[in-house]
Amino acid sequence: MNNITPYVGKGAMAVRLVHRIKAMNWGRMAVILTPTLWLAVFFFIPFLVVFKISLAESAIAVPPYSPLFEWNPEEAYATLKITFGNYLFLFESRFYLDAYLSSIRIAAISTFITLVIAFPIAYLIAKSSRTRRTLLLSLVILPFWTSFLLRVYAWMGLLKKNGVVNEFLMGLGITDHPLIMLQTDFAVYVGIVYTYLPFMILPLYTTLEKMDLALLEAAKDLGAKPYQAFFLVTLPLAIPGIVAGCLLVFIPAVGEFVIPALLGGSDTLMIGRVLWDEFFLNRDWPMASAVATVMLIVLVGPIMFIRSRNKQEDAP
Amino acid sequence: MKMKRKLLSLMCTVLVSGSVAAEDKVLNIYNWSDYIAPDSVANFEKETGIKVNYDVYDSNEVLEAKLMAGGSGYDLVMPSNSFFERQVQAGIYQEIDKTKLSNIGNLDAQLAGQLARHDTGNKHNIPYAWGTVGIGYNVDMVKARLGDVEIDSLDMLLKPDVAAKLADCGIAVLDSPAEIMATVNNYMGQDPNSEKLDVLKASADLMAKVRPSYKYFHSSQYISDLANGEICVALGYNGDILQAQDRAAEAGQGVNVGYVIPKEGALVWFDVMAIPKDAPHPEAALKYIDYILRGDVAADLSNYVFYAVPNTAAEPMLDAEVSENKGIYPTQAVKDKLFIQVAHTKKFDRSLTRAWSNIKTGR
């Protein structure tokens with residue numbers, strides 16, 4: 001009998017496994033598989049291609065870089081040529097480092113400004129009546145109906161020397177000479193904050209909307225002043241929305257190319273423009289790929305860190 | 001080199017209808033934006049029965065990125081000379097069978113001959129149009145700041161104390177390292193195409209000194225800014241500046257734009273017609289080249305885009321406004337001082353781009 005039990009146990013386990021596979025919900029599998037496939041096809045494989053090019057040398061040829069792997073069929077030997085020269089060149093001068101740092105700085109400052117502007121808007125929308133809410137939300141999304149490029153061009157018209165803003169300020173007598181706003185870092189901040197504002201408002205709104213208003217009443221009953229209730233109750237509860245909104249703004253802002261190119265001055269140093277120069281002006285695809293790879297590492301590192309910390313906090 | 005609106009072309013990635021119809025009744029052209037007389041393509045279609053798919057780009061860089069990736073599907077492209085040189089080296093063009101071009105005799109032999117520096121024997125190109133990189137300026141704003149001096153020198157842009165006087169009304173410079181540094185080298189009395197690092201450094205140092213007086217570096221923005229009075233001096237392409245002049249006159253806001261080829265000498269560029277090796281309809285491309293070489297078509301082109309055409313048969317058909325404009329068709333004395341820019345080595349290009357980035361960002 002003793003000998004049989006484990007045998008039966010094993011059989012039972014196998015049977016259970018078969019049952020489990022049979023019982024496995026194919027719908028659920030598809031749900032998990034779809035984003036994985038999506039990630040593989042639209043992120044991971046393109047990234048591998050970029051990474052591969054970053055290990056090549058640029059050449060005057062089609063395509064404009066050396067092959068990584070070459071097979072000589074006559075003498076039956078293969079050569080694998082990898083160069084890290086592009087990565088070394090990145091660290092040879094402060095130029096690229098400065099470009100990364102400056103992009104991160106500009107993105108961080110604009111993310112903060114976006115948050116400060118978006119929070120009261122999201123709060124008001126969440127607090128308003130159901131019918132008003134729909135209207136206000138659609139107003140937030142409305143700008144997406146026109147081309148992003150057109151909206152940036154519109155800002156050029158507003159901010160330029162003979163532009164609407166300057167005419168207005170001079171008309172009111174606030175300033176007697178036109179302010180130089182276009183082609184400055186100021187214009188870049190305006191552009192980024194304006195463009196990404198909806199991406200901050202929407203996640204903030206969803207968290208604030210779920211907030212139980214009774215908690216605020218409780219805080220009031222326990223003697224908290226309104227600002228105390230805000231900092232002790234509302235803000236901590238909104239943290240998931242703040243994190244999501246900040247990531248949605250910060251990540252694309254770091255790599256932003258169009259806004260600094262159109263609104264920024266020639267001295268606005270951002271990595272997106274450096275990439276453009278390497279790829280198009282310099283025609284150095286491997287170097288451009290190396291810049292892009294490092295940018296991804298710079299971005300993905302901190303995000304993974306934040307995510308893992310969030311998970312730890314969520315865990316009981 | 002017209003209207004390098006990099007962004008637009010980047011955003012609206014133009015898709016060529018890569019129709020692989022084997023018969024030569026289709027022609028895929030990829031040309032600069034605004035670079036043909038309005039009815040020329042329609043007339044060609046009517047005369048030959050060939051359907052033309054006409055796509056446009058606004059920077060050499062975008063064109064080159066597409067060609068170098070391979071399989072673009074285009075039959076005819078119009079790169080500028082120094083870009084073309086590198087593309088020929090990469091072996092992406094096929095030889096043009098000149099015996100099939102009945103109008104080849106119209107070509108200005110002296111001008112076309114210069115292109116042999118890029119393409120030995122001129123086997124792969126037929127020049128399309130040419131122009132200069134010179135000074136566009138707002139006549140009144142500059143006069144108010146510099147007084148009644150003759151505007152004919154690069155001192156305006158490259159002499160620190162003169163440039164400083166113009167800083168407040170705005171100076172713009174092409175964002176094109178090779179062309180601008182060649183112009184600066186020439187101003188400093190050096191070989192424009194020098195690859196010596198000390199020459200590059202001396203020119204970069206000069207640029208760093210005048211950089212605080214510059215408003216921005218951009219390759220198309222200056223057209224509208226010059227026309228609106230947003231800026232008062234631009235170092236740019238002659239056709240673009242003449243276009244700004246035209247727009248300013250139309251707007252009637254009292255902005256008066258002038259163009260001058262600097263007395264120190266200026267860079268001359270050519271856009272050429274070339275057929276990629278993998279062109280699906282090379283015969284149709286040859287027909288189109290022959291059509292462009294016709295005197296009346298070339299004259300229409302020049303009259304419309306304000307660039308010079310290297311075509312002797314076109315000369316009698318040019319509008320007086322165009323043919324007498326010394327900014328478009330300079331005198332022989334000025335022509336003698338023009339220089340072309342040849343493609344740099346890969347190694348020098350890297351140093352050049354680095355130096356340029358430092359100049360632009362003012363570091």
Side-chain angles (χ1 to χ4, degrees), chain A residues 57-65 85-86 89 92-96 98-99 102 147-150 152-153 156-157 159-163 166 177-178 180 182-184 257-270 272-274 276-288, chain B residues 6-8 10-12 59-65 67-72 83 85-92 168-170 172-173 175-178 211 214-218 221 224-225 228-231 253 276-278 343 345-346 349-350 352-354 356-363:
Chain A
E57 269 171 352
S58 73
I60 298 180
V62 179
Y65 48 86
N86 300 310
F89 194 74
E92 243 173 53
S93 85
R94 281 192 57 89
F95 178 73
Y96 296 99
D98 284 351
S102 152
S147 148
F148 157 69
L149 199 62
L150 269 181
V152 176
Y153 265 101
M156 292 171 73
L159 294 177
K160 66 183 183 184
K161 202 165 82 184
N162 319 323
N166 266 323
H177 60 280
I180 303 296
L182 198 60
Q183 274 118 21
T184 63
F257 167 70
V258 175
I259 296 170
L262 287 178
L263 299 177
S266 299
D267 50 358
T268 309
L269 188 58
M270 283 192 82
R273 293 177 86 178
V274 172
W276 203 100
D277 285 355
E278 290 294 347
F279 191 84
F280 288 99
L281 281 188
N282 223 4
R283 298 164 299 274
D284 198 336
W285 292 25
M287 192 67 209
Chain B
K6 303 164 177 177
L7 293 163
L8 265 178
L10 207 71
M11 302 299 291
C12 353
S59 82
N60 268 308
E61 288 81 4
V62 169
L63 168 68
E64 182 161 300
L67 291 176
M68 290 302 217
S72 66
F83 286 81
E85 177 180 341
R86 196 170 28 243
Q87 290 154 9
V88 168
Q89 282 172 28
I92 63 171
D168 72 304
C169 64
V173 173
D175 189 1
S176 174
R211 169 71 181 92
Y214 291 173
K215 193 168 177 192
Y216 61 79
F217 294 83
H218 200 282
Q221 179 74 43
S224 56
D225 282 356
N228 299 334
E230 281 280 318
I231 57 168
Q253 304 268 332
K277 262 194 183 138
D278 53 6
T345 58
K346 199 84 213 165
D349 257 341
R350 218 176 226 197
L352 180 67
T353 310
R354 174 68 66 78
W356 188 248
S357 297
N358 283 332
I359 293 168
K360 274 204 295 186
T361 51
R363 290 146 37 91

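Just so it is clear, the values below take in all heavy atoms, side chains as well, and ignore hydrogens, waters and symmetry mates. A, B, ... follow the sequence lines: proteins, then strands. Residue 1 opens every chain. As the structure is a prediction and not an experimental result, all values here were calculated from the model.
The existence of a salt bridge linking B/D225 and B/K215 is excluded, since no basic side-chain nitrogen approaches an acidic carboxylate oxygen closer than 4.0 Å. Ionic pairing of B/E64 and A/R283 is present here: one or more N-O contacts between side-chain nitrogen and carboxylate oxygen are shorter than 4.0 angstrom. The pair A/D277-B/K360 meets the salt-bridge criterion, since a charged nitrogen lies less than 4.0 angstrom from a carboxylate oxygen.
You'll find the side chain of B/I92 stays beyond 4.5 Å of the side chain of B/K277, heavy atoms only. Within the 4.5 Å cutoff, no side-chain heavy atoms of B/Y216 are placed close to those of A/T268.
For a residue to count as touching a neighbouring chain, one of its non-hydrogen atoms must lie under 4.5 Å from one of that chain's; by this rule B/L67 touches chain A with the backbone only. Heavy-atom distances place both the backbone and the side chain of B/Q89 under 4.5 Å from chain A. When heavy atoms are compared at a cutoff of 4.5 Å, B/R354 approaches chain A solely by way of its side chain, counted from C-beta outward. With a 4.5 Å cut-off on non-hydrogen atoms, A/Y96 touches chain B through its side chain but not through its backbone. If you measure heavy-atom distances from B/D278 to chain A, you find no contacts under 4.5 Å at all.
Relative orientation of the A/W285 and A/F279 rings is parallel, given thresholds of 30° and 60° on the angle between their planes.
By number of non-hydrogen pairs under 4.5 angstrom with chain A, the leading residue of B/A90, B/A65, B/G70 is B/A90. For the set A/P64, A/G163, A/P178, the count of heavy-atom pairs under 4.5 angstrom toward chain B peaks at A/P64.
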